[in-house]
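Some notes on the structure that comes next.
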Amino acid sequence: MKKLLNPYTPGAGVPPKYLAGREDTIREAEEALFYIKNGDFYRSVVYYGLRGVGKTVLLNKIEDMADEEDIRYEHLEISERGSFKNSISLHIFKLIQQMSVKAKLKKHLSRSLSILKAFSLKYSQDGEVSLSMDSEIDSAVGISDTGNFENDLTELFVSLGTLAQKQESGVALFIDEIQYMKDDEFEALIAAIHRVNQKALPLIVFAAGLPKIAKIAGDVKSYAERLFKFVSIGSLEKNAARMALEEPAKKWGVSYSDEAIEKILRITECSPYFLQEYGNQVWAKVSVDKRVIDATMVDDVYANFEKSLDESFFKVRHDRATPRELDFMIAMVKCGVLPCSTKAKAEQMQCPVSAISPLRAQLIHKGFIYSANRGEVDFTVPQFDKYLKRIHNL
């Protein structure tokens, strides 16, 4: 049986062949980049949502758009145990290097490098960042190395934004997994963006994170909602989900029956990652002689679809949990309805609410769960409750 090239791309941050349902979000990003490119400021953006909805894909798409507009940018991914303080100076140094080609900016370049050097000596993990450039670097002691991270990051951002403005252009920072930033780091980022906006500098941040990020922002700075536009990214609308399946297949003359589409949408709940995975699995049934995907083919590959998710998307997260954290999440499943209240989980675990509060905080920090409503939590991974039921025989 002759095979056709598989057009579906399940994977962490891997762009689909057809990006469906995000047209409005992309248009808004285009507008933001237009302002930045022309040396003006624009409100920074935070995309938030569950795992697998395509937040990283969006960031990568906007990075490509920035590249096409010759806007200089850097991408940072915050890890659970990482440090924003340790990495930001390196990425800003790379941006300054890119802007150093303008000879007329020597004065501003030297000042920016001076501020960066002082900052990096204070905060870099290795104690320094090699500034291998010909420009003379003056001392910036007391400007960006005061030990007050909020002040020092603000000086660094203002310096970078000013350099971009003098170049009559703009710069962008893309920050993924922003929920892993420590409170003092996030508070400093908000303060730095606030000062950049006050000075109308062409520096913008596009960030992505889990649903808890909007609450964190509000907790650390009351004016965060005025500085960032918080954009919820969720599962696709039905029509967009249908297009996510059908459009990549059209290149090969492959179509879906209506019943097949309806089954996949129901099973995946229109989650972008799950749609790509189901498309990937059902494509194994396609050939040059069989170019219509029907409901029988969808049923035939369901076990493979489920197994693939279990062994990759779900398991990698499940295995990071401690036994006690697993007890907490299993209690969530046993509540029967999600989101689940803290009181209901405590009853399932047969212990007082005070005893499970630290577990709740740990799981939120690790990105397993989020506070869906006051006193209630839900999983950040779609259908994780079904996975726990399968492997723990609940």
Side-chain angles (χ1 to χ4, degrees), residues 1-27 29-30 47 49-65 67-68 208 233-316 381-384 386-387:
M1 183 172 65
K2 292 183 179 179
K3 296 289 184 181
L4 302 175
L5 187 66
N6 195 323
Y8 299 100
T9 55
V14 180
K17 293 294 189 294
Y18 183 84
L19 184 56
R22 307 303 186 202
E23 294 81 7
D24 290 345
T25 304
I26 291 170
R27 269 195 299 272
E30 284 177 343
Y47 303 110
L50 303 181
R51 297 290 187 191
V53 295
K55 302 183 298 296
T56 301
V57 167
L58 263 179
L59 285 189
N60 290 336
K61 171 65 176 178
I62 300 168
E63 285 179 18
D64 290 342
M65 292 158 53
D67 199 36
E68 290 173 4
I233 305 298
S235 292
L236 299 176
E237 298 288 340
K238 268 195 159 186
N239 286 340
R242 186 182 190 107
M243 292 176 71
L245 288 169
E246 291 180 332
E247 290 299 320
K250 283 182 180 179
K251 177 181 176 181
W252 303 102
V254 175
S255 61
Y256 288 78
S257 71
D258 288 341
E259 188 181 358
I261 287 285
E262 287 301 319
K263 279 198 172 190
I264 295 176
L265 299 192
R266 177 178 52 78
I267 292 167
T268 63
E269 298 176 351
C270 298
S271 165
Y273 183 91
F274 292 177
L275 288 167
Q276 292 296 311
E277 184 60 64
Y278 219 119
N280 177 57
Q281 294 297 333
V282 81
W283 198 259
K285 297 290 184 177
V286 172
S287 71
V288 293
D289 302 317
K290 179 70 174 176
R291 297 194 188 222
V292 177
I293 296 172
D294 59 30
T296 300
M297 295 162 71
V298 171
D299 291 338
D300 287 346
V301 302
Y302 176 78
N304 291 337
F305 163 75
E306 190 176 80
K307 181 181 179 183
S308 180
L309 288 181
D310 286 0
E311 292 180 349
S312 55
F313 190 72
F314 294 130
K315 187 176 188 298
V316 68
V381 179
Q383 301 190 18
F384 197 65
K386 295 179 182 178
Y387 169 72

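What you are looking at is a predicted structure, and each value in this text was computed from that prediction instead of being measured.
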Between [atom1] of [X] and [atom2] of [Y], what distance do you get to the nearest 0.5 Å?
| X | Y | atom1 | atom2 | result |
| --- | --- | --- | --- | --- |
| L4 | W283 | CG | CH2 | 5.5 Å |
| S308 | K315 | OG | NZ | 13.5 Å |
| C270 | I264 | SG | CD1 | 11.0 Å |
| T268 | F305 | OG1 | CZ | 6.5 Å |
| L19 | K61 | CG | NZ | 7.0 Å |
| D294 | E259 | CG | CD | 8.5 Å |

[X] and [Y]: which non-hydrogen atoms are nearest, and at how many Å?
| X | Y | value |
| --- | --- | --- |
| M297 | K290 | SD-CE, 3.5 Å |
| V381 | R51 | CG2-CG, 3.8 Å |
| L58 | I26 | CD2-CG1, 4.2 Å |
| P15 | T9 | O-OG1, 3.0 Å |
| S235 | P272 | CA-CD, 4.2 Å |
| S257 | A295 | OG-N, 3.9 Å |

> Do the charged groups of E269 and K386 touch, with an N to O distance under 4.0 Å?
Replying inline: yes
>> Any salt bridge linking D299 with K263? Criterion: basic side-chain nitrogen under 4.0 Å from a carboxylate oxygen.
In response: yes
Would you list the atom pairs, donor with acceptor, under 3.5 Å between side chains in residues 236-245 and any protein atom, with sequence neighbours excluded?
residue, atom, partner, partner atom, Å
K238, NZ, E262, OE1, 3.3
R242, NE, E246, OE2, 3.1
R242, NH2, D258, OD1, 2.5

> Hey, mind stepping through N280 and N6 against side chain to side chain contact (heavy atoms under 4.5 Å, CB included) and telling me if it holds?
Replying inline: CA-CA 7 Å; N280 177 57; N6 195 323; 2.9 Å; yes
>> For residues 14-25, which residue pairs pass the side chain to side chain donor-acceptor pair (under 3.5 Å) check, not counting sequence neighbours?
In response: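 Qualifying pairs: D24-R27.
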> Is any side-chain heavy atom of L5 less than 4.5 Å from a side-chain heavy atom of W252?
Replying inline: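 A side-chain contact exists here, since the closest heavy-atom pair is under 4.5 Å.
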>> Within the 4.5 Å heavy-atom criterion, are L265 and L275 side-chain neighbours or not?
In response: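 Yes; the side chains approach each other to less than 4.5 Å.
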> Side chains of E306 and Y302: donor-acceptor distance under 3.5 Å anywhere?
Replying inline: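 On atom types as modelled, these side chains qualify, holding a pair under 3.5 Å.
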> Do K285 side-chain atoms and T296 backbone N/O form a donor-acceptor pair below 3.5 Å?
Replying inline: no
> Is the Y8 ring parallel, tilted or perpendicular to the Y256 ring (thresholds 30°, 60°)?
Replying inline: perpendicular
> Mind checking what makes ring pair (Phe, Tyr, Trp, His ring centres under 6.0 Å) contact with Y47, not counting sequence neighbours?
Replying inline: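 Checked Y47 against ring pair (Phe, Tyr, Trp, His ring centres under 6.0 Å); zero matches.
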>> Please evaluate residues F274 and F313 with respect to the criterion ring pair (Phe, Tyr, Trp, His ring centres under 6.0 Å), reporting the C-alpha separation (whole Å), side-chain torsions for both, the decisive distance (0.1 Å), and the verdict.
In response: CA-CA 10 Å; F274 292 177; F313 190 72; 5.4 Å; yes
> Stepwise, does the side chain to side chain contact (heavy atoms under 4.5 Å, CB included) test hold for E277 with Y273?
Replying inline: CA-CA 6 Å; E277 184 60 64; Y273 183 91; 4.3 Å; yes
